[in-house]
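Not measured: the values here are computed from a predicted model. In listed order, ligands and their atoms are each counted from 1.
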Amino acid sequence: MLSRAKNFLLEIIFPIHCVGCGGEGEWLCENCAHKIQLNSQQFCPVCWQANLGGRICARCSSPLDGLRVAASYQKNPELAHAIQTLKYKFSEPLAANLAAILARSISSKNYQAERIVVPIPLHKKRLRWRGFNQAELLARFVSSKLNLPFAHGLVRTKNTAQQAKLSRAERIRNLAAAFELAPDFSPQGKTILLVDDVASTGTTLIEAAKILKQNGAREVWGLVLARK
Ligand SMILES: [Zn+2]
Ligand SMILES: [Zn+2]
């Protein structure tokens with residue numbers, strides 16, 4: 001709450017400019033959000049071989065059935081900037097515009113079954129320090145844009161060290177048992193859309209998917225803005 005109030009005051013003193021066009025009033029205006037080029041190709045979330053829809057390839061196995069990466073960091077510097085901004089600023093308009101990019105990247109795909117949008121949670125200590133979870137902001141807007149139910153399906157039980165600084169093997173060890181199913185949530189027979197801002201190696205999404213699958217989820221897909 002405190003960080004929200006602080007952001008609000010800062011925005012009055014230092015006006016916000018769009019990271020794309022420099023226009024005043026928004027971090028990423030709708031116009032610039034629309035110019036972001038969506039990935040035409042997706043990748044297997046385990047071996048990262050290119051494929052069409054992002055479904056896990058026949059050679060690999062994982063509790064994560066597929067991953068949609070909306071756009072490329074390299075090709076869209078304004079997206080990279082916007083993602084970075086959302087990490088540190090609680091901005092609902094920015095989250096809404098980024099969520100529209102996420103929604104665009106999967107709206108062409110036909111999903112059957114009941115889908116539920118679930119954010120990758122932050123540990124409560126990190127949440128208290130940061131004031132909000134950017135993945136949750138994105139997931140809430142994705143759920144309203146796609147007209148799908150939202151759920152806090154997972155709880156982060158371990159305050160994991162910064163993943164970016166670790167090797168792949170260390171990341172997996174670091175994330176083991178990092179998630180738990182949220183009380184009162186049942187993914188039984190459901191297709192879960194796990195939302196995060198970015199994916200790097202995919203281990204966070206895979207660890208989260210493992211818990212959902214152990215509790216009966218039919219399919220688990222990841223949905224992220226970009227791959228770091
Ligand atoms: Zn703009
Ligand atoms: Zn693969």
With the Zn ion (ligand 1) at the apex, how many degrees lie between SG of Cys32 and SG of Cys18, rounded to 10 degrees?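 For SG of Cys32 and SG of Cys18, the angle centred on the Zn ion (ligand 1) reads 110°.
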SG (Cys21) to the Zn ion (ligand 1) to SG (Cys29), nearest 10°, is 110°
Point-to-point distance, once rounded to the nearest 0.5 Å, from CG of Asn133 to CD1 of Ile120: 9.0 Å
Parallel under 30°, tilted from 30 to 60°, perpendicular over 60°: which one fits the rings of Phe43 and Trp48? tilted
The Zn ion (ligand 2): angle it makes with SG (Cys44) and SG (Cys57), nearest 10 degrees: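 It comes to 110°.
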Just by distance, with hydrogens left out, do Asp197 and Gln134 show a side-chain donor and acceptor under 3.5 Å apart?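 Their side chains do contain a donor-acceptor pair, which is all the 3.5 Å distance test asks for.
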Salt bridge check: are Arg140 and Glu92 linked by an N-O gap of less than 4.0 Å? no
